[in-house]
Amino acid sequence: QVQLVESGGGLVQAGGSLRLSCVVSGRTYTTYAMGWFRQAPGKEREFVAAISWNGGETYYTDSVEGRFTISRDNAKNTVYMHINTLQPEDTAVYYCGALSPGLTLNRATTTRQENYVYWGQGTQVTVSA
């Protein structure tokens, strides 16, 4: 069994920064590519970013490229999302997920939430104008 717990969300002013964390417990954490998704009120969950098991590959949705940085520290079983220059449209619940180990890692596989086998409970990010 694998468990994911997100933290680091909160209320921030536009232009501010946050670091979200996703701690993974359970066996074989390092074999999973990991991703971040977000769900804004009244909208579907959307892909934000993903990272390979060793951190060598990263993928981002176009709207966050340059402002969001995904990283991981396998010694701490933790995946991070650094968010700079927050905008009100970034307001959402942010979820981390573990990608199915059997999939080839590429942009097409990482952007589809049905390819993720484990999810956290989410952390709320609210950006005020």
Side-chain angles (χ1 to χ4, degrees):
Q1 185 73 8
V2 177
Q3 293 183 326
L4 286 66
V5 179
E6 302 96 332
S7 63
L11 173 63
V12 296
Q13 289 187 332
S17 301
L18 280 176
R19 187 183 75 167
L20 307 183
S21 300
C22 173
V23 178
V24 185
S25 60
R27 58 193 181 102
T28 63
Y29 153 76
T30 56
T31 64
Y32 291 99
M34 301 292 294
W36 285 96
F37 285 69
R38 65 184 179 184
Q39 187 167 18
K43 295 186 178 181
E44 295 186 352
R45 190 177 297 190
E46 65 172 355
F47 170 77
V48 176
I51 188 167
S52 60
W53 72 271
N54 63 356
E57 296 176 66
T58 57
Y59 302 93
Y60 297 92
T61 191
D62 290 344
S63 63
V64 307
E65 189 87 48
R67 295 192 299 120
F68 287 36
T69 303
I70 188 171
S71 62
R72 66 191 297 164
D73 184 342
N74 288 346
K76 296 182 179 180
N77 287 5
T78 303
V79 181
Y80 301 101
M81 176 68 77
H82 298 258
I83 310 175
N84 295 317
T85 320
L86 277 156
Q87 302 168 2
E89 51 265 39
D90 295 320
T91 294
V93 178
Y94 285 72
Y95 299 89
C96 69
L99 189 74
S100 173
L103 296 175
T104 299
L105 184 70
N106 54 47
R107 179 171 292 278
T109 58
T110 58
T111 57
R112 298 172 66 89
Q113 57 180 309
E114 57 265 34
N115 291 335
Y116 289 76
V117 292
Y118 299 106
W119 291 95
Q121 84 290 345
T123 185
Q124 175 72 50
V125 172
T126 303
V127 184
S128 61

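Along the sequence shown, the residues carry numbers beginning at 1.
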As an exercise, state the distance from OH of Tyr32 to CG of Leu4, rounded to the nearest 0.5 Å. 9.5 Å
Quick one: closest heavy-atom pair of Thr123 and Gly9, and the distance? OG1-N, 3.1 Å
Connected via hydrophobic side-chain network under 4.5 Å: Val12 and Ile83: yes
Hphob cluster co-occupancy, Trp119 + Tyr59, side-chain heavy atoms under 4.5 angstrom: yes
To the nearest 0.5 Å, what is the distance between CZ on Phe47 and CG on Asn115? 11.0 Å
Does Leu20 share a hydrophobic cluster with Val64, counting links as ILVMFWY side-chain heavy atoms below 4.5 Å and allowing steps through other members? yes
With a 3.5 Å distance limit and no angle check, can you tell me whether Thr109 reaches the backbone of Thr104 through a side-chain donor-acceptor pair? yes
Over all heavy atoms of both residues, which pair between Val117 and Ser100 is shortest? Give the atoms and the distance, please. CG1-CB, 3.7 Å
Answer yes or no: is there a donor N or O on one side and an acceptor on the other, between the side chain of Tyr118 and the main chain of Gln1, under 3.5 Å? no
Not counting sequence neighbours, list each pair that qualifies as a salt bridge (charged side-chain N to carboxylate O under 4.0 Å, His left out) and has a residue in residues 97-122. Arg112-Glu114
Test side-chain contact (heavy atoms from CB on, under 4.5 Å) applied to Trp53 and Leu105, step by step: CA-CA 10 Å; Trp53 72 271; Leu105 184 70; over 6 Å; no
Between Thr110 and Phe37, which heavy-atom pair has the shortest distance, and what is it? O-CZ, 3.8 Å
Are the side chains of Val2 and Val24 in contact, using a 4.5 Å heavy-atom criterion? yes
Got more than 12 heavy atoms from elsewhere within 6.0 Å of CD, Glu44? no
Around atom CD of Gln3, are there more than 12 heavy atoms from other residues, nucleotides or ligands closer than 6.0 Å? no
Determine which pairs satisfy disulfide bond (SG atoms under 2.5 Å apart) with at least one residue from residues 100-129, sequence neighbours left out, and list them in order. none
Between Tyr116 and Gly97, which heavy-atom pair has the shortest distance, and what is it? CD2-C, 3.4 Å
How far does CH2 of Trp36 sit from CD1 of Ile51, to the nearest 0.5 angstrom? 11.5 Å
What closest approach, in Å, do Ala129 and Ala14 show between heavy atoms, and which atom pair accounts for it? CA-CB, 4.4 Å
Would you compute the distance between atom CD of Gln124 and atom CD of Glu6 and round it to the nearest 0.5 angstrom? 12.0 Å
Any non-hydrogen side-chain atom of Asn74 less than 4.5 Å from a side-chain atom of Arg72? yes
Distance from Ser21 atom OG to Met81 atom CE, nearest 0.5 Å? 11.0 Å
Sub-3.5 Å donor-acceptor pair from the side chain of Asn77 to the main-chain atoms of Gly26, do we have one? no
Check Asn54 against Ser52 and note the closest heavy-atom contact, atom names and distance. OD1-OG, 3.0 Å
For residues 118-129, which residue pairs pass the salt bridge (charged side-chain N to carboxylate O under 4.0 Å, His left out) check, not counting sequence neighbours? none
Can you list every disulfide bond (SG atoms under 2.5 Å apart) pair that touches residues 50-129, not counting sequence neighbours? Cys22-Cys96
Inter-residue atom distance Met34.CE - Tyr80.OH, 0.5 Å rounding: 12.5 Å
What pairs meet the salt bridge (charged side-chain N to carboxylate O under 4.0 Å, His left out) rule with one or both residues in residues 116-129, with sequence neighbours excluded? none
Would you say that Thr61 contacts Phe68 through its side chain, given a criterion of any heavy-atom pair below 4.5 Å between the two side chains? no
Where at least one partner belongs to residues 89-99, residue pairs that pass side chain to side chain donor-acceptor pair (under 3.5 Å), sequence neighbours excluded: Arg38-Asp90, Arg38-Tyr94, Arg67-Asp90
